[in-house]
Amino acid sequence: MPPSRANAATILSDPGATPVSSLPGVGPALAETLARLGLERVQDLWFHLPLRYEDRTRVTPIADLRPGERAQVVGVIDAVERGFRYRPQLKVAISDDSHQTLVLRFFHFNRNQSEQLKPGTRLLCYGEVRQAAQGLEMVHPQYQRLSGDEPATVDDLLTPVYPTTEGLGQKRLAGVIAKALALLPPDAQLELIPAELCVEHGLASLREALLYVHRPPPDAHLGQLTTGHHPSQQRLAFEELLTQHLSLKRMRAAVRRRHAPRLTGTGELRARLLASLPFGLTGAQQRVSEEIARDIAEPSPMLRLVQGDVGSGKTIVAALAALAAVESGQQVALMAPTELLAEQHLNHFRHWLTPLGIEVAWLAGKVAGKARQQALQRVASGAHVVIGTHALMQEGVSFSQLGLVIVDEQHRFGVQQRLSLRDKGADHESGLVPHQLVLTATPIPRTLAMSAYADLDVSAIDELPPGRTPVQTIAISNARRFDVIERIHVACLEGRQAYWVCTLIEESEQLRAQAAEVAHAELSAALSDCRIGLVHGRMKPKEKQAVMNAFKAGELSVLVATTVIEVGVDVPNASLMVIENSERLGLAQLHQLRGRVGRGAIASNCVLLYQPPLGQLARERLQVMRDTNDGFRIAEKDLELRGPGEVLGTRQTGQLSFRIADLARDAHLLPAVQVVGARLLAQHPRQAELLITRWIGAAARYAHA
Ligand code: ADP
Ligand code: MG
């Protein structure tokens with residue numbers, strides 16, 4: 001049979017599953033470019049959704065332009081200027097009937113271009129309007145020359161802008177998508193969510209929704225489309241969130257089908273540890289410990305997230321879980337995101353467990369050479385507890401009987417890391433995988449947890465140990481820095497201890513260290529009768545630890561630090577914290593930092609130093625910090641102000657990137673997503689599979705990890 005007829009036949013039976021190369025005009029080269037975007041089948045094109053829209057349906061008079069908006073303008077060139085200030089540039093001034101001037105600025109241009117752009121030429125341009133020193137301008141607008149009196153032809157539809165890749169222009173991509181859309185079947189064939197669920201949850205036609213977002217009609221509301229609130233976008237966002245939920249649930253099911261060692265233990269070591277503590281567990285710690293004990297006594301792997309605000313006492317809960325594993329003859333791995341935090345855990349665990357005769361091994365990235373060989377050998381021959389950074393799980397580390405993996409500060413790791421950890425721990429002979437306990441100090445708003453952590457059970461330590469006094473927080477302008485330093489002076493003379501936190505974001509570790517050194521010098525000069533320490537990320541672990549120990553022992557009054565102290569540092573006598581440039585930090589980070597004080601019975605204070613003038617967002621953030629110490633409220637607020645990528649710390653790793661959904665905007669959809677998700681998995685597993693393939697495609701392979 002000739003290939004074209006074969007194509008025609010498959011297109012008819014299942015157009016979505018057909019390779020893009022079957023579309024007219026898509027040759028091997030284009031197919032390859034499309035594949036780079038993950039667009040391999042026709043349905044991938046249907047679900048390749050616009051990032052935003054451009055409005056070229058009208059021409060805006062220059063006098064009506066507003067900075068920040070994208071607009072289309074028709075004007076005549078008045079003057080052209082070539083400049084070479086820092087790099088070559090071409091400035092083209094145009095004006096229109098509104099008698100205003102707009103400057104088009106080009107940094108990259110060829111000879112041809114500069115020859116074409118001559119005074120008197122009429123141009124149709126589209127671009128983003130910016131406020132420059134001399135007036136409004138557009139940098140690198142798209143433009144088209146109009147000859148003579150030729151009227152500017154405007155579009156009748158909003159123009160979608162798609163995510164694309166080098167060598168594939170918007171027009172060409174939109175053309176291919178249009179060809180794919182011509183094959184969009186009726187809903188009866190396209191829809192994967194069963195009809196009864198669509199009716200129950202008021203889900204409108206998928207076909208209509210797709211056609212609308214790809215080709216908004218002439219009367220479409222650009223404002224609504226821009227913010228993602230149009231019902232068609234919401235319909236698709238629902239489906240995308242549903243798919244993400246299903247894939248996490250499926251991942252969970254795949255892990256849960258495997259076997260784990262039953263960690264029942266005798267309880268003896270745990271009883272001895274509890275008896276040795278100077279405090280009793282809070283109700284919440286007890287409850288969560290019991291939840292964990294119940295999980296790990298089962299033969300299927302535990303997947304549990306423990307959320308607890310800073311200072312809620314997660315470490316002891318983790319230690320008790322570790323002992324249950326040790327009592328059952330299994331090893332425990334504990335990993336933390338930073339070396340400093342891992343060291344803190346090492347200290348706590350050694351302090352608690354060594355008296356019980358438990359071996360706690362140390363394995364961090366910086367442990368090298370002979371020490372590393374020895375540590376690896378101890379791990380392989382059965383050291384009870386192994387603590388380290390994620391380097392712990394890298395090449396060459398093998399355990400003899402790993403029964404439990406504890407990951408602290410989960411939000412720094414992504415779903416992928418979580419999975420690779422599971423794999424490392426898997427014992428290929430016995431087929432057993434370890435139980436997994438994840439600790440997080442960033443309280444994740446419930447809605448977000450339901451979505452981002454649908455593969456985990458969640459326990460909350462929602463009670464602080466007794467006797468804590470809430471931290472009083474104030475915001476002070478850097479102009480009053482000297483008052484603040486004086487205040488620290490008085491506090492130190494009274495025997496209190498203080499942190500001075502230097503923050504520089506998006507700079508190198510080296511610059512951060514320098515900033516801390518400068519602050520250290522400044523404070524040492526101003527407080528010559530107090531001892532001031534310094535700790536930053538460029539110091540050797542031994543040096544860092546020595547400074548921390550001196551601070552802990554009360555030998556230092558002030559500790560100048562970078563945000564390395566953000567997590568885990570525990571010095572109950574420290575009751576004062578100053579955070580420099582606090583306006584640049586996110587709420588979650590400020591909350592983590594502030595959690596270093598208020599750990600003892602002394603009333604604590606936190607001073608948020610800021611550099612005026614404050615923007616609106618920064619002002620709101622600092623206000624939230626002053627108003628509440630409640631991590632959950634702060635996290636909710638953070639989600640509202642900054643969006644989920646920041647809250648989960650996933651922006652950098654590119655996890656949780658949606659095509660159309662936005663967790664903050666669409667959180668209201670999540671309860672229904674859960675209900676529909678549960679029904680699909682229970683009653684329509686095949687449809688659930690197809691949904692995952694449709695939306696996640698190649699990425700879905702992680703589900704089988
Ligand atoms: P986080 O949840 O932030 O990791 P930690 O486990 O570091 O908190 O505990 C914070 C401090 O509270 C530590 O000094 C710890 O010893 C202490 N702590 C933990 N549980 C209790 C408790 N039930 N009563 C009193 N102090 C406690
Ligand atoms: Mg901790």
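Order of appearance sets the numbers: ligands from 1, and atoms from 1 within every ligand. For reference, positions follow the sequence shown, starting with 1.
Judged by the shortest distance from any of its heavy atoms, Ser312 lies inside the 4.0 Å radius around the atoms of ligand 1. Residue contact check for ligand 1: Pro572 places no non-hydrogen atom closer than 4.0 Å to it. The closest approach between Gly280 and ligand 1 falls below 4.0 Å for a heavy atom of the residue.
Here's the thing with Lys314: one of its N/O atoms is less than 3.5 angstrom from an N/O atom of ligand 1. At a 3.5 angstrom cut-off on N or O pairs, Gly311 counts as close to ligand 1.
There is a side-chain donor-acceptor pair under 3.5 Å between Arg304 and Ser459. One side chain, Gln330 or Gln401, offers a donor N or O that lies under 3.5 Å from an acceptor on the other.
Proximity of His348 to ligand 1, defined as any heavy-atom pair under 4.0 Å, is not found for any part of the residue.
Nearest heavy atom pair, residue Ala325 against residue Leu263, reads CB-CD1, 3.8 Å.
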Exercise. For the pair Asn347 and Glu343, evaluate side chain to side chain donor-acceptor pair (under 3.5 Å) and give the outcome as yes or no after the intermediate values.
Key: CA-CA 6 Å; Asn347 294 341; Glu343 282 167 32; over 6 Å; no
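Ring pair Phe349/Trp352 is tilted by interplanar angle, where 30° to 60° counts as tilted.
For ligand 1, the atoms sitting less than 4.0 Å from at least one non-hydrogen atom of Thr282 are 23 (N), numbered in the order shown with element in parentheses. Annotation for ligand 1: atoms under 4.0 Å from non-hydrogen atoms of Thr315 are 4 (O), 5 (P), 6 (O), 7 (O).
One N or O on the side chain of Glu327 and one on the backbone of Arg270 form a donor-acceptor pair closer than 3.5 Å.
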